[in-house]
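We're numbering straight along the sequence, starting at 1. Just so it is clear, the structure is predicted and the values come from calculations on it, not from any experiment.
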Amino acid sequence: MSKKKERIAYVDPQSMINLAKYDYYLLRDIDMDIHYFCSKQYDFEVNPRISYRKVFSYNKMEHNWQKAISYVWSWMLILVFILRLQPKVVHIQWFRIPRFDYFIVCILRYIFKIKVVYTAHNILPHQGNEHASAKTFRKAYHAFDRVIVHSQTTKDELVTLFNIDARKVKVIRHGILPFNISDETYKKCAEEYDKKYASLKGKTIFTSLGFQNYYKGTDLLAKAWTSTPSLCQNSDCMLLIIGKVNDTSMDLSMLKGIKNVIFDNRRVSDEEFVYLLRHTDVYVLPYREISQSGAMLTILTEHVPMLLTDVGALAEPLSIARIGWKLRDANEQDIKESLLRLVDNKEEILAIKNDSQAWEKVCLFYDWKHISEQTQQLYESLF
């Protein structure tokens, strides 16, 4: 007779795109009875060993008040499920309405008497009132039974900032995020992109793809490039900034009209993202702040050298193997100097790109199987 598996409720209101991938790979090797409360727009592979309960639909709403009502209703449904399922642990991935979410945590912990785990992908939200968020998160971090962070740096910052018992904060890495694209599909799309991006041939390509936000420092990269004639007037190199600009306060208008820049403010498909990564020499990540970056962990899968700031766990791969370069700081001058040096050192870029042993070592460090095992051990420690 097989041993009964303990039940876990795993809740991710943002389970789409890279966040859906994160959930899939994290839960894939956990040998427990997982009930996954996710978005109705979940768009990745399905694990037959997991019970999927698609409850969140706030993303489909147009107005903020509609999103709020939808989100609150989804959590009411989850609470009903949890009362019936009686899981040992509820693992929450993100807060969307911090004050309300803290109220939910209190219900789970103090009324339902269920252990609550929270993954702090970022210590505080990148958007919204930082002071109000800090007050709410301070209370929430003390209420959680365990908090997962992705680096020792983030743990130290969290413990210091909110005076949390370090024993309740567990460092579990964020794994790499591969694309789920068949060779046949990629080949078909690549033929179209070869024509669209014919101007890239023979150039040194610097790239930033995906959603563009202030905290990612895209505006610093744009200013560094456009204010430097040796970059913006250099026919031997190009800058690609392709992805939806999420932060309307970030001005990238200076990129328009620059001949060796492709700036395209739109959502990028997975196929085009992979194509552009495979035609990139250096991916630039001049983040002002971050705990861990899904973009960086996607770039690793295609072995693209990176130029990045040393914030949070962003530069951690460079401590494992030499697969890129650190910026001294997230400012225009440091970015400019680093870009100019790399433009004149194509051989160094190629050497890093072709160092298969270095890339294998880094990818092994972020292996999902080990990450799943650590997460299961954390759950079991709470029983």
> Do R328 and E337 meet the salt-bridge criterion of a basic N to acidic O distance under 4.0 Å?
Replying inline: yes

> Under 4.5 Å between any side-chain heavy atoms of K88 and R7, yes or no?
Replying inline: no

> Do we get K115 above F144's six-membered ring, with its NZ or CZ under 6.0 Å from the centre and within 45° of the axis?
Replying inline: no

> Looking only at heavy atoms, which two atoms of I205 and D281 are closest? And how far apart?
Replying inline: N-OD2, 2.7 Å

>> For R109, is there an ion pair with D145 - N to carboxylate O distance below 4.0 angstrom?
In response: yes

> So, N122 side chain and L124 main chain: donor-acceptor pair closer than 3.5 Å or not?
Replying inline: no

> Is it true that a side-chain atom of K21 and a backbone atom of I17 form a donor plus acceptor pair closer than 3.5 Å?
Replying inline: no

> Step by step, would you call E62 with K67 a salt bridge (charged side-chain N to carboxylate O under 4.0 Å, His left out)?
Replying inline: CA-CA 7 Å; E62 182 179 355; K67 292 178 188 289; over 6 Å; no

>> For the residue pair R278 and Y186, would you count it as a cation-pi contact if the rule is NZ or CZ under 6.0 angstrom from the ring centre and within 45 degrees of the ring axis?
In response: yes

> Got a donor-acceptor contact below 3.5 angstrom from the T375 side chain to the I371 backbone?
Replying inline: yes

>> Please check if the number of heavy atoms outside N354 that lie under 6.0 Å from its CG is greater than 12.
In response: yes

> ring pair (Phe, Tyr, Trp, His ring centres under 6.0 Å) between F100 and F95: does it pass, once the steps are laid out?
Replying inline: CA-CA 9 Å; F100 170 77; F95 274 12; 9.5 Å; no

> Taking the side chain as C-beta and beyond, is there a heavy-atom pair between L285 and K216 under 4.5 Å?
Replying inline: no

>> Can you confirm whether W75 sits close enough to V11 that some side-chain heavy atom of one is under 4.5 Å from a side-chain heavy atom of the other?
In response: yes

>> Contact between D194 and Y275 at the side-chain level, heavy atoms closer than 4.5 Å - yes or no?
In response: yes

> So, does N234 use its side chain to make a donor-acceptor pair with the main chain of D236 at under 3.5 Å?
Replying inline: yes

> Is the count of non-hydrogen atoms from other residues, nucleotides or ligands lying under 6.0 Å from Y193 atom OH greater than 12?
Replying inline: yes

>> Salt bridge or not between R341 and E348? Use side-chain N to carboxylate O under 4.0 Å.
In response: yes

>> Check whether S319 reaches the backbone of E316 with its side chain - one donor and one acceptor, N or O, closer than 3.5 Å.
In response: yes

> What do you reckon, is CZ of R167 surrounded by more than 12 foreign heavy atoms closer than 6.0 Å?
Replying inline: no

> At their closest point, which heavy atom of I349 faces which heavy atom of L342, and how far apart are they?
Replying inline: CD1-O, 3.6 Å

>> Please tell me whether I176 and L318 are part of a single hydrophobic cluster in this structure, the criterion being side-chain heavy atoms less than 4.5 Å apart.
In response: yes

> H35 and Y52: ring pair (Phe, Tyr, Trp, His ring centres under 6.0 Å), yes or no, with the steps?
Replying inline: CA-CA 6 Å; H35 291 257; Y52 286 76; over 10 Å; no

>> If you define the side chain from C-beta out and look only at heavy atoms, does anything of R146 sit under 4.5 Å from L382?
In response: yes

>> Please report whether the ring centroid of Y36 lies less than 6.0 Å from that of Y42.
In response: yes

>> Checking ring-ring contact (aromatic ring centres under 6.0 Å, His included) between F56 and each of W94, Y71, W73, which is the one that passes?
In response: Y71

> Can you check whether Y10 and F37 have ring centres sitting under 6.0 Å from each other?
Replying inline: no

> Is there a donor-acceptor pair closer than 3.5 Å between any side-chain N or O of T309 and the backbone N or O of Y287?
Replying inline: yes

> Under the 3.5 angstrom rule, does the side chain of T280 hit a backbone N or O of L276 as a donor-acceptor pair?
Replying inline: yes

> Is the shortest distance from a Lys or Arg side-chain nitrogen in R322 or D355 to a carboxylate oxygen in the other one below 4.0 Å?
Replying inline: no

>> For the CG atom of N246 and the OG1 atom of T218, what is their distance to the nearest 0.5 Å?
In response: 10.0 Å

> If you measure from CD1 on I111 to CG on L83, what distance do you get to the nearest 0.5 Å?
Replying inline: 10.0 Å

>> Using 0.5 Å steps for rounding, measure from the OG atom of S372 to the CD atom of Q377.
In response: 11.0 Å

>> Here's a test for you: under ring-ring contact (aromatic ring centres under 6.0 Å, His included), which of W368, F44, Y366 qualifies with Y22?
In response: W368

> Closest approach of L252 and A222, non-hydrogen atoms and distance?
Replying inline: CD2-CB, 3.9 Å

> Below 4.0 angstrom, N of the basic side chain to O of the carboxylate: do D367 and K369 qualify?
Replying inline: no

> With hydrophobic residues grouped by side-chain heavy-atom distances under 4.5 Å, do L19 and I148 end up in a single group?
Replying inline: no

>> Does K361 have more than 12 heavy atoms from other residues, nucleotides or ligands lying within 6.0 Å of its NZ?
In response: no

> Within the side chain of S15, is there an N or O that forms a donor-acceptor pair under 3.5 Å with the backbone of D12?
Replying inline: yes

>> Strictly below 4.0 Å, N to O, side chains only: are E271 and K188 in salt-bridge contact?
In response: no

>> Testing the basics here: between E272 and V268, what is the closest heavy-atom pair and its distance to 0.1 Å?
In response: CB-CG1, 3.8 Å

> Which is it for D23 and R28 under the salt bridge (charged side-chain N to carboxylate O under 4.0 Å, His left out) test, yes or no, and what are the steps along the way?
Replying inline: CA-CA 8 Å; D23 295 339; R28 183 177 58 182; over 6 Å; no

> Does K346 reach the main-chain N or O of V343 with its side chain, forming a donor-acceptor pair under 3.5 Å?
Replying inline: no

> Any Lys/Arg nitrogen of K223 or D251 sitting under 4.0 Å from an Asp/Glu carboxylate oxygen of the other?
Replying inline: no

> Could you state the interatomic distance from NZ (K326) to CG (D310), rounded to the nearest 0.5 Å?
Replying inline: 4.0 Å

> What distance separates L255 CG from L240 CG, expressed to the nearest 0.5 Å?
Replying inline: 11.0 Å

>> Is there a side chain to side chain contact (heavy atoms under 4.5 Å, CB included) between K256 and M254? Walk through the geometry before answering.
In response: CA-CA 6 Å; K256 295 177 181 178; M254 75 287 289; over 6 Å; no

> Do L364 and I172 belong together in a cluster built from hydrophobic side chains that touch within less than 4.5 Å?
Replying inline: no

> What is the ring orientation for Y118 with Y141, classed by angle as parallel under 30°, tilted 30 to 60°, or perpendicular over 60°?
Replying inline: perpendicular

>> Within the supplied structure, the quantity of interest is the number of heavy atoms (other residues, nucleotides, ligands) at a distance under 6.0 Å from F162 CZ; does it exceed 12?
In response: yes

> Should the pair H121 and H150 be assigned to parallel (<30°), tilted (30 to 60°) or perpendicular (>60°) ring geometry?
Replying inline: tilted

>> Please say yes or no: joined through hydrophobic side-chain contacts below 4.5 Å, possibly via intermediate residues, are I164 and Y102 part of one cluster?
In response: no

> Does E302 come within less than 4.0 Å of K353, counting only side-chain N to carboxylate O?
Replying inline: no

> Remaining members of W65's ILVMFWY cluster at a side-chain heavy-atom cut-off under 4.5 Å?
Replying inline: I69

> Are I262 and F211 grouped together when hydrophobic residues (ILVMFWY) are joined by side-chain heavy atoms under 4.5 angstrom apart?
Replying inline: no

>> Is it the case that the side chain of T154 and the backbone of V149 share a donor-acceptor pair, with hydrogens and angles ignored and the cut-off at 3.5 Å?
In response: no

>> Let me confirm one number: the CZ-CD distance from R173 to Q152, rounded to the nearest 0.5 Å.
In response: 8.0 Å

>> So which atom in Q292 and which in L297 form the shortest heavy-atom distance, rounded to 0.1 Å?
In response: CG-CD1, 3.7 Å

> Closest heavy-atom contact between I123 and S291?
Replying inline: N-OG, 3.7 Å

